Amino acid sequence: MAHGHTVKRYSGLMDWLTTVDHKKIGILYLIAGGFFFLVGGLEAILIRLQLWKPLNDFVSPDTYNELLTMHGTTMIFLAAMPLLFALMNAIVPLQIGARDVAFPFVNALGFWTFFFGGVLLNVSWFAGGAPDAGWTSYVPLATNTYSQNHGVDFYVLGLQIAGIGTLVGGINFLVTIINMRAPGMSFMRMPMFTWTAFITSALILFAFPALTVGLVALMFDRLFSANFFEVSNGGNAVLWEHIFWIFGHPEVYILILPAFGIISEVISTFSRKRLFGYSSMVFATVLIGFLGFMVWAHHMFTAGLGPIANALFSIATMLIAVPTGIKIFNWLFTMWGGSIRFTTANLFAIGFVPTFVMGGVTGVMLAAAPADFQYHDSYFVVAHFHYVIVGGLVLGIFSGLHYWWPKMFGRMLSEGLGKLTFWTFYIGFHMTFFLQHFLGLLGMPRRVYTYQDGLDFNLMNLISTIGAILMGIGTIFFLINIVVTSVKPKNAPADPWEDGRTLEWAIPSPAPEYNFLQTPLVRGYDALWKEKMDGNKGMTPAEPIGPIHMPSPSILPFVMSVGLFITGFGLMYSKYIIAGAGLLITFACMFLRSIFDDHGFHIEPEELKDKGVKA
Amino acid sequence: MSAHSHVDGQLPHEPEKATLEGRNKVLGFWLFLGGETVLFGTLFAAYLALRNQVGDGNPTSQELFDLVLVGVATFILLTSSLTSVFAIQAMHKNQVKSMLIWLAVTVLLGLGFLGLEIYEFVHYVHEGHGFTTSAFSSSFYTLVGFHGGHVAFGVIWITILIFQVLKKGLNVVTAPKIYVAGMYWHFIDVVWVFIFTVVYLMGKVG
């Protein structure tokens with residue numbers, strides 16, 4: 001330790017609370033996101049149990065509203081996005097040959113603010129009632145006049161805190177991908193998953209601040225009697241719809257783009273073929289990201305914006321089908337002529353393609369503004385967005401988890417249990433949601449806690465409920481798989497699928513703390529595959545072995561987030577001293593972070609040899 | 001790359017971009033300002049949608065706004081942007097003392113601006129233009145108040161940085177901090193130019 005600084009290194013729980021290692025933060029995102037996924041899934045099953053027969057009284061109408069709101073909010077903000085952040089954290093730095101992310105401290109802060117925001121939101125269940133105005137929290141329903149308990153306060157404060165985490169996480173990935181790529185890793189050699197993480201982060205950067213403003217305005221209305229949405233004092237209810245969907249539509253592309261990236265990686269690896277039309281994939285991803293900001297008012301066709309606005313937004317929405325279609329055909333052509341291996345990861349990826357096409361087709365149907373007046377607020381819409389979000393995003397996440405599990409944990413998930421997960425989940429999914437298209441066309445309204453007998457809704461709702469339970473069973477199989485795998489020996493090789501193409505498969509599983517002993521030299525797209533084809537054993541190093549600089553762990557991100565959590569409570573119950581104290585904690589942490597420089601520490605080459613790490 | 005590389009006193013020409021950490025910080029801050037632009041853009045949009053919703057008997061923007069006062073505040077804030085440029089120029093010439101003086105002037109001008117803004121708000125409340133009066137007043141105070149909050153944060157931030165440089169000197173760790181604080185200061189200045197135009201000038205004529 002010639003010139004290494006002495007840095008306290010924690011173990012056990014403190015290690016996890018203070019870690020700034022992107023791989024550990026990825027695992028934290030996986031655990032927290034997975035937990036919220038189970039909570040949201042349980043809420044979904046309770047919803048389906050209420051709806052399995054007409055005029056059921058399993059839950060009260062009020063509870064149903066809470067379940068419906070929290071299911072949507074939890075799944076979008078606390079399950080789907082964190083699970084994507086889990087994979088992005090675990091894999092993106094490895095794919096670009098980086099030792100770390102650009103801002104390890106900020107990365108940890110992003111996780112903890114998301115986590116405490118999510119906890120704050122869910123505390124509402126035990127503090128007088130959860131939010132019940134829908135995940136879109138439309139006014140005037142969400143104003144004090146119609147929503148008098150603290151539910152919606154939990155929504156606006158929890159999401160503001162969680163939103164900070166998402167925003168700084170997005171900035172971190174943007175800078176990491178722009179500034180920290182290994183030598184030779186040009187933009188047009190980046191793996192598709194990294195590309196989609198990049199575009200998603202850009203969408204986060206430009207979409208989330210709009211949500212923050214909307215939430216602040218609603219919070220001011222509710223807590224401090226402002227008049228943004230109070231029509232009696234000149235406020236405007238449609239303003240909320242605009243602000244929410246200017247965020248909300250890019251949000252669905254924030255969710256789906258990384259799933260596209262995962263599918264591209266998995267299909268290419270298990271077809272043993274280069275991704276077909278790589279540059280058109282990149283182009284399509286960028287175009288989808290751009291168009292994603294141009295279409296928000298298609299959620300508001302029935303709000304009365306007039307025929308010109310509706311026509312423009314209708315056409316812009318249909319345009320998105322073009323780049324998405326490019327992607328679908330590229331995946332098909334990647335498989336075409338490949339020697340396909342039907343691993344669990346690939347089953348999820350292949351299952352994704354037709355499912356997502358169905359969601360896309362109903363999307364174009366909904367984009368036709370005149371027809372939308374018929375579909376609007378019916379189960380047709382529910383079926384559509386579950387086809388793209390569950391059939392797209394969740395299948396993508398399952399695929400990515402099975403694919404990268406050995407890289408994250410050093411153990412292979414059981415293929416047998418994995419296939420069982422796939423088939424139960426996949427069949428359950430289509431059982432649940434396929435029939436909902438027809439329920440919607442028959443006129444069953446969404447968001448209503450029950451329905452009348454004799455409207456031909458009964459059988460389809462029953463089948464839908466059985467499907468939801470099957471999806472639950474599929475998820476349980478996945479949990480069993482995790483438990484069974486965790487007791488097996490940690491023996492996954494560096495390239496466990498043997499057909500790995502990208503840089504993450506060039507280093508041991510799980511990736512060591514410093515990722516790359518020597519920064520690799522990238523000589524082409526599919527960097528590792530290129531070396532394999534040239535007969536090389538591994539990547540050519542771009543530098544000699546030397547001391548590796550690492551950032552120090554820190555408890556400050558955790559404490560800062562606790563401060564914000566306390567502030568949220570203080571504001572909600574009008575205890576401004578508590579709110580001020582919480583903010584003071586957060587600002588004091590920022591102050592400490594600013595005045596005490598983090599010198600980090602070095603891992604010396606001798607240490608690396610002692611551990612017997614392979615180059 | 002660490003702070004030790006230039007310990008012999010010779011600071012590189014652009015010390016804020018001399019290390020990867022510094023370059024990351026500058027790029028990350030540019031991106032953060034992109035997000036801030038959306039934040040203020042949305043606040044402006046909300047204000048524009050609601051600015052004519054004054055309500056019966058409440059003072060209108062024409063009655064309230066005093067362009068002399070706001071003009072002085074604008075002059076002070078724009079000048080502070082200039083002094084922050086002088087600070088960064090001094091930093092690039094490695095003139096630490098001059099840099100600190102210009103930063104201190106920037107902070108003082110920022111405080112002067114905040115003083116005027118607080119006076120203005122108090123005056124408005126006495127005129128019957130409170131936060132809860134109308135949709136116009138809520139969106140006005142939220143937009144202008146968000147900007148004022150940013151100025152206050154910047155004043156505290158730059159003050160802390162002045163003391164840091166006094167203690168640690170100017171090096172490749174402190175230089176990026178000064179540089180991004182300068183970027184931040186310009187950004188809130190640009191936002192103010194829009195507030196002056198959209199809120200005050202348009203409020204006076206429209």
Side-chain angles (χ1 to χ4, degrees), chain A residues 3 5 100-103 106 167-168 170-176 178-180 201-202 204-214 216-217 220-221 224-236 238-240 242-243 246-247 293 549 551 587 590-591 594-600 602, chain B residues 1-4 20-21 23-56 58 130-139 141-143 145-146 153 156-157 160-161 163-164 167-168 171 173-174 177 181:
Chain A
H3 52 279
H5 296 274
D100 208 333
V101 292
F103 307 114
V106 171
L167 180 72
V168 297
I171 293 176
N172 177 38
F173 278 110
L174 285 170
V175 179
T176 303
I178 295 173
N179 270 4
M180 309 213 15
S201 302
I204 287 173
L205 177 63
F206 294 116
F208 265 75
L211 175 69
T212 304
V213 170
V216 166
F220 282 178
D221 269 18
F224 308 124
S225 312
N227 305 303
F228 283 97
F229 311 119
E230 286 296 338
V231 178
S232 56
N233 273 337
N236 189 333
V238 180
L239 181 64
W240 168 266
H242 278 295
I243 293 177
I246 284 173
F247 147 78
F293 280 98
H549 182 249
F587 282 124
M590 288 171 76
F591 176 71
S594 178
I595 58 164
F596 292 114
D597 294 331
D598 173 22
H599 296 293
H602 285 88
Chain B
M1 285 291 187
S2 71
H4 308 267
L20 178 61
E21 284 86 355
R23 287 193 295 278
N24 284 347
K25 216 171 247 185
V26 172
L27 176 63
F29 207 80
W30 272 113
L31 295 169
F32 170 73
L33 292 183
E36 287 268 273
T37 306
V38 177
L39 184 103
F40 277 103
T42 315
L43 286 167
F44 273 109
Y47 175 78
L48 284 172
L50 301 173
R51 71 189 185 108
N52 293 323
Q53 305 298 323
V54 181
D56 295 330
N58 299 320
F131 181 67
T132 59
T133 307
S134 62
F136 160 59
S137 75
S138 296
S139 58
Y141 282 113
T142 306
L143 169 59
F146 249 78
F153 186 87
I156 297 169
W157 182 14
I160 292 171
L161 289 182
F163 284 103
Q164 271 193 51
K167 197 159 166 265
K168 300 175 191 165
N171 56 37
V173 177
T174 48
K177 297 186 183 183

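Per chain, numbering begins at 1; letters A, B, ... match sequence-line order. The shown structure was predicted, so the numbers you read here are calculated from the model rather than taken from an experiment.
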Residue selection (most heavy-atom pairs with chain B, distance under 4.5 Å) from [options]:
options                                : value
A:Ala202, A:Ala102, A:Gly234, A:Ser232 : A:Gly234
A:Ala210, A:Gly170, A:Gly235           : A:Ala210
A:Asp221, A:Ile171, A:Asn236, A:Leu174 : A:Ile171

Relative to chain B, which segment of [X] carries a heavy atom at a distance below 4.5 Å: side chain, backbone, both, or neither?
X        : result
A:Thr212 : side chain
A:Phe591 : side chain
A:Leu239 : side chain
A:Phe587 : side chain
A:Val216 : side chain
A:Ile243 : side chain

Which atoms of [X] come close to chain A, meaning under 4.5 Å heavy atom to heavy atom: side chain ones, backbone ones, both, or neither?
X        : result
B:Phe153 : side chain
B:Lys167 : neither
B:Tyr141 : neither
B:Ile160 : side chain
B:Leu50  : side chain

Is the CZ atom of A:Phe224 crowded by more than 12 outside heavy atoms at less than 6.0 Å?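 For A:Phe224, atom CZ is crowded (more than 12 foreign heavy atoms under 6.0 Å).
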
Does the separation of the ring centres of A:Phe228 and A:Phe220 fall below 6.0 angstrom?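 Not under 6.0 Å, so no.
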
Would you say the ring centers of B:Phe44 and B:Tyr47 fall short of 6.0 Å from each other?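 No - the distance between ring centres of B:Phe44 and B:Tyr47 does not fall below the 6.0 Å cut-off.
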
Could you give me the CA-CA distance, side-chain angles and deciding distance for A:Ile204 and A:Phe173, then say whether side chain to side chain contact (heavy atoms under 4.5 Å, CB included) is met? CA-CA 11 Å; A:Ile204 287 173; A:Phe173 278 110; over 6 Å; no

Short question: side chain of B:Asn171, backbone of B:Val173 - any donor-acceptor pair under 3.5 Å?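 A pair under 3.5 Å: yes.
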
Heavy-atom closest contact (B:Trp157 atom, B:Ala181 atom, distance):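 In terms of heavy atoms, the two residues are closest at CH2-CA, 3.7 Å.
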
CA sep, side-chain torsions, deciding dist, call: B:Ser139, B:Arg51, side chain to side chain contact (heavy atoms under 4.5 Å, CB included): CA-CA 7 Å; B:Ser139 58; B:Arg51 71 189 185 108; 5.7 Å; no

A:His602 and A:His549 aromatic ring geometry - parallel, tilted or perpendicular at 30°/60° bounds: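 The rings of A:His549 and A:His602 sit tilted, inter-plane angle from 30° to 60°.
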
Counting heavy-atom pairs under 4.5 Å with chain A, which one of B:Val38, B:Asn24, B:Ile156 comes out on top?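 Looking at each option in turn, the highest pair count goes to B:Asn24.
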
Sort out for me which of B:Thr142, B:Asn58, B:Thr133, B:Thr37 touches chain A most, counting heavy-atom pairs under 4.5 Å.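 Option with the top pair count is B:Thr142.
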
Start with the C-alpha distance between A:Ile595 and B:Gln164, add both sets of side-chain angles, then the distance that settles side chain to side chain contact (heavy atoms under 4.5 Å, CB included), and finish with yes or no. CA-CA 7 Å; A:Ile595 58 164; B:Gln164 271 193 51; 3.8 Å; yes

Residues B:Arg23, A:Val175; criterion side chain to side chain contact (heavy atoms under 4.5 Å, CB included); working and verdict: CA-CA 9 Å; B:Arg23 287 193 295 278; A:Val175 179; over 6 Å; no

